[in-house]
Amino acid sequence: MSYLIISFSHKNIDIKMREKLAFGSVEDKDRFIKVLLENEYTKEVVLLSTCNRVEIITRSSNINVSAKNIIEKLASYSGLDFDILYERADIYDNDGAVHHLFSVASALDSLVIGETQIVGQLKDAFRFSQAKNYCSSNIIRVMHYAFKCAANVRTATSLGTGSVSVASTAVAKAKDIIGNTKGVKALVIGAGEMSELTIKHLVSSGFDVILTSRDIKKAQILASTFDANIRVEPYSELPNLLAKIPIMITATSADDGA
């Protein structure tokens, strides 16, 4: 039996393809793992799905067959072409798989090196599979070592200082461009987890935040969780908002950026 990881990230596919590969619900994730485990060569599965990557972490008694089967199932799920996915996939086995897993957990493979979200997302994916008995002693052992490696990296390097994420990096860049942010409006499009993180950084940096989303109720609920006054505007006002507001950050999985 060998460790096997099939990886799609910002390194090998564009954002439109990543969005199609993403698993938007726990139910989708659960069904997909069950389908993979139907293959006689694929044993143990952890599925990590974020806005920037999909990682299928498994053990296999036949690397080539398992890899092909996993990518076939991803192609069927996403509607993407199998040949394109197979050509672009990063396929790691044995020591290479362990090295890649450690790099992902330590945020050394992230779009923003050292971002702090990935280890939590990986832990959530692992706990899900563990609770469902989709992984056992071998994956459990390597995952624990990956988390230990991530902790050591944060302790031994400057990557452990501060809170780093795509959202914080985007806001820091906006602040550098604007300079004095007092009274400057910033528009956030979307009402999910990344939007929440973006708003936190914008507020702490002094911006006046305006939030819009196709799901206006979800946007209103998100805005109400902040002590700051977050103005919620209808999505129909987006063209006008874009014309008037100097800073716009979109944090949504919609194909058209909304």
Side-chain angles (χ1 to χ4, degrees), residues 9-11 14-16 18-19 22 24 48-53 104-124 150 153-154 157-216 218-235 237-258:
S9 70
H10 63 281
K11 291 187 173 182
D14 60 32
I15 190 168
K16 288 186 177 180
R18 295 201 302 274
E19 287 169 350
L48 172 65
S49 177
T50 76
C51 56
N52 279 319
R53 65 175 61 247
V104 170
S106 303
L108 300 177
D109 194 66
S110 296
L111 180 63
V112 176
I113 302 299
E115 57 97 356
T116 54
Q117 286 184 299
I118 187 63
V119 68
Q121 293 165 331
L122 185 58
K123 284 180 178 179
D124 288 343
V153 168
R154 290 194 300 274
T157 72
S158 60
L159 293 178
T161 60
S163 177
V164 181
S165 66
V166 173
S168 65
T169 302
V171 173
K173 183 64 175 178
K175 190 175 180 180
D176 286 345
I177 293 171
I178 294 296
N180 183 4
T181 62
K182 185 177 180 180
V184 177
K185 293 180 174 60
L187 174 66
V188 176
I189 305 175
E193 181 182 352
M194 288 302 295
S195 293
E196 180 180 4
L197 187 60
T198 300
I199 293 170
K200 287 179 181 178
H201 288 294
L202 286 168
V203 169
S204 66
S205 296
F207 287 96
D208 291 341
V209 179
I210 297 155
L211 176 63
T212 189
S213 171
R214 288 185 187 275
D215 190 335
I216 191 70
K218 190 175 180 182
Q220 290 169 339
I221 291 170
L222 175 58
S224 70
T225 64
F226 291 91
D227 292 333
N229 181 27
I230 309 300
R231 197 173 98 210
V232 178
E233 291 285 350
Y235 185 76
E237 286 296 307
L238 182 59
N240 293 330
L241 294 170
L242 290 173
K244 296 186 293 184
I245 298 174
I247 297 294
M248 181 276 286
I249 298 178
T250 179
T252 169
S253 61
D255 290 341
D256 59 359

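Residue indices begin at 1 and follow the sequence shown. Everything numeric here is computed off the predicted structure, so don't read it as measured data.
- Heavy-atom minimum distance, K185 versus I210: CD-CD1, 3.7 Å.
- The CG atom of L202 lies 10.0 Å from the CG atom of L197; values are rounded to the nearest 0.5 Å.
- The backbone N or O of V153 lies less than 3.5 Å from no partner atom in the side chain of S106, so there is not a single donor-acceptor pair.
- Closest approach of A105 to I118, counting heavy atoms only: O-CG2, 4.2 Å.
- Residues G183 and D208 share a closest heavy-atom pair of CA-OD2, 3.5 Å.
- Here the side chain of T225 pairs a donor or acceptor atom with the backbone of L222 at under 3.5 angstrom.
- The structure places CD1 of I178 at 12.0 Å from NZ of K173, a figure rounded to the nearest 0.5 Å.
- For R18 against H10, the heavy-atom pair with the smallest separation is NH1-CA, 3.3 Å.
- Rounding to the nearest 0.5 Å places NZ of K200 at 6.0 Å from CZ of F226.
- Atom CE of M194 and atom OG1 of T50 lie 9.0 Å apart (nearest 0.5 Å).
- Remark: D176 CG to S205 OG distance equals 9.5 Å, nearest 0.5 Å.
- Closest approach of G190 to L211, counting heavy atoms only: O-CD1, 3.0 Å.
- Each of L241, T198, L238, I249 was compared with I189 under the side-chain contact (heavy atoms from CB on, under 4.5 Å) criterion, and only L238 meets it.
- Here the shortest heavy-atom pairing between F207 and V171 reads CE1-CG1, 4.5 Å.
- Counted by atom type alone, E237 and N240 present one or more donor-acceptor pairs between their side chains at under 3.5 Å.
- In this structure a side-chain-to-backbone donor-acceptor pair under 3.5 Å is present from S213 to D215.
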Given L187 and T212, is the side-chain contact (heavy atoms from CB on, under 4.5 Å) satisfied, shown in steps?
CA-CA 8 Å; L187 174 66; T212 189; 3.9 Å; yes
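- Between K11 and D109, at least one side-chain N (NZ, or NE/NH1/NH2) sits under 4.0 Å from a carboxylate O, which counts as a salt bridge.
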Run the side-chain contact (heavy atoms from CB on, under 4.5 Å) check on L48 and Q121 step by step: do they pass?
CA-CA 7 Å; L48 172 65; Q121 293 165 331; 4.0 Å; yes
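- Remark: I230 CD1 to E196 CD distance equals 11.0 Å, nearest 0.5 Å.
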